[in-house]
Colleague: 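First the structure, which I've put down as structure tokens, then a few questions once you've had a look.
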Amino acid sequence: MSSAPADLSALLTRLDAAAARGPQAGLPPDVIRREGGEHALHVVFGCIIHGDEVGSLPAAAALLEDMDAGRLHFGGRLSVVLGNRPAALAGVRFVEQDLNRVFLPGPARSAEHRRALELMPLLDDADVFLDLHQTIEPTRSAFAIFPWDPVGETWVRALDAAPAWVTRPPGLAFSAGSRCGDEHVRVRGAPGITVELSQKGLRPEAEALAGRLMRRTLEIADALARGEATLEALAAGQPLPTCLAPAHVVPFDDPALCLRPGLENLAPVQAGELLSAPSSPPVRSPCDGALLFPKYPPRGADGRALGPLPAELVRILAPLPGRPAALWG
Ligand SMILES: [Zn+2]
């Protein structure tokens, strides 16, 4: 464990100290709890659900330290979940299985599935779940990413969550046979909001956005619980992000496929634009839109991708032709 970078170790030390200052009985490991004692709303923040997406940790540590020093007050129940510490320490997305695909019934099939089973009762009790992620490749801006529903939209606007929202009609899983943490919350009818803060790593822009979103979520929850405002009133006048929906998936079905260097999340693309490197079978965008989750796996000397291939080489998003409520409401 001594191989973790010093800044990550220092953050985990601060978060462990915060956990030790709070109640621990009955909680799974790596869940930091605060009880405001004034109302029953339970806010859950997800950090490092993917181990190498550590960018929300500085904001989580600062939030808890501000609460404990009396600089910040929240009247409800707060749980900060550190999803996958073993993967974070190893600097990888996951150890055995992607935690954010296995919020599924047992018996446990992997270390991450065991962790999901530990966390699911907590998520079952969440009144709002804010899951903070980061992208692998650079991104043109932060973006929310989860299916549209009226409550989710109202939260996104009340939070002013991000300039863009990668969304889709309600009820479509990101991938079949798997379930994300935010989906686990949404199927109960509670808001599960995922935001990609920045490219992965400890970055000032990720810390700033994570801190703002966490603090705003607590303010909103306090206002709702005290009857001071409705979520609709808090969202009124706040902009809807630019909404983008998946329009096309390029399957990664040949290890010779290789994207040209430098493709970024949310970068605009035009119909017919060549997305592949010269050595690769040609890949062209079938439509105007924007890129999502371009994959650059390690490659052998022959240029072929190594190891199990990701299912998708890249996705193409298209702007929604109208407001999601008008299309899907
Ligand atoms: Zn992630």
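Note that ligands are numbered from 1 as they come in the structure, with each ligand's atoms numbered from 1 the same way.
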Colleague: Applying the side chain to side chain contact (heavy atoms under 4.5 Å, CB included) criterion to Leu82, which one of Leu57, Leu11, Ile49 satisfies it?
Modeller: Leu57
Colleague: Please report the closest heavy-atom contact between Pro28 and Glu118, naming both atoms and the distance.
Modeller: CG-O, 3.6 Å
Colleague: What protein N/O/S atoms lie closer than 2.8 Å to the Zn ion (ligand 1)?
Modeller: His50 ND1, Glu53 OE1, Glu53 OE2, His133 ND1
Colleague: Can you tell whether the side chains of Glu35 and Arg33 come within less than 4.0 Å, N to carboxylate O?
Modeller: yes
Colleague: Suppose we call two aromatic rings close when their centres sit under 6.0 Å apart. Are Phe74 and His39 close by that rule?
Modeller: yes
Colleague: Between Asp160 and Arg216, does any NZ, NE, NH1 or NH2 come within less than 4.0 Å of an OD or OE carboxylate oxygen?
Modeller: no
Colleague: Salt bridge check, Arg77 against Asp127: does any charged N sit closer than 4.0 Å to a carboxylate O?
Modeller: no
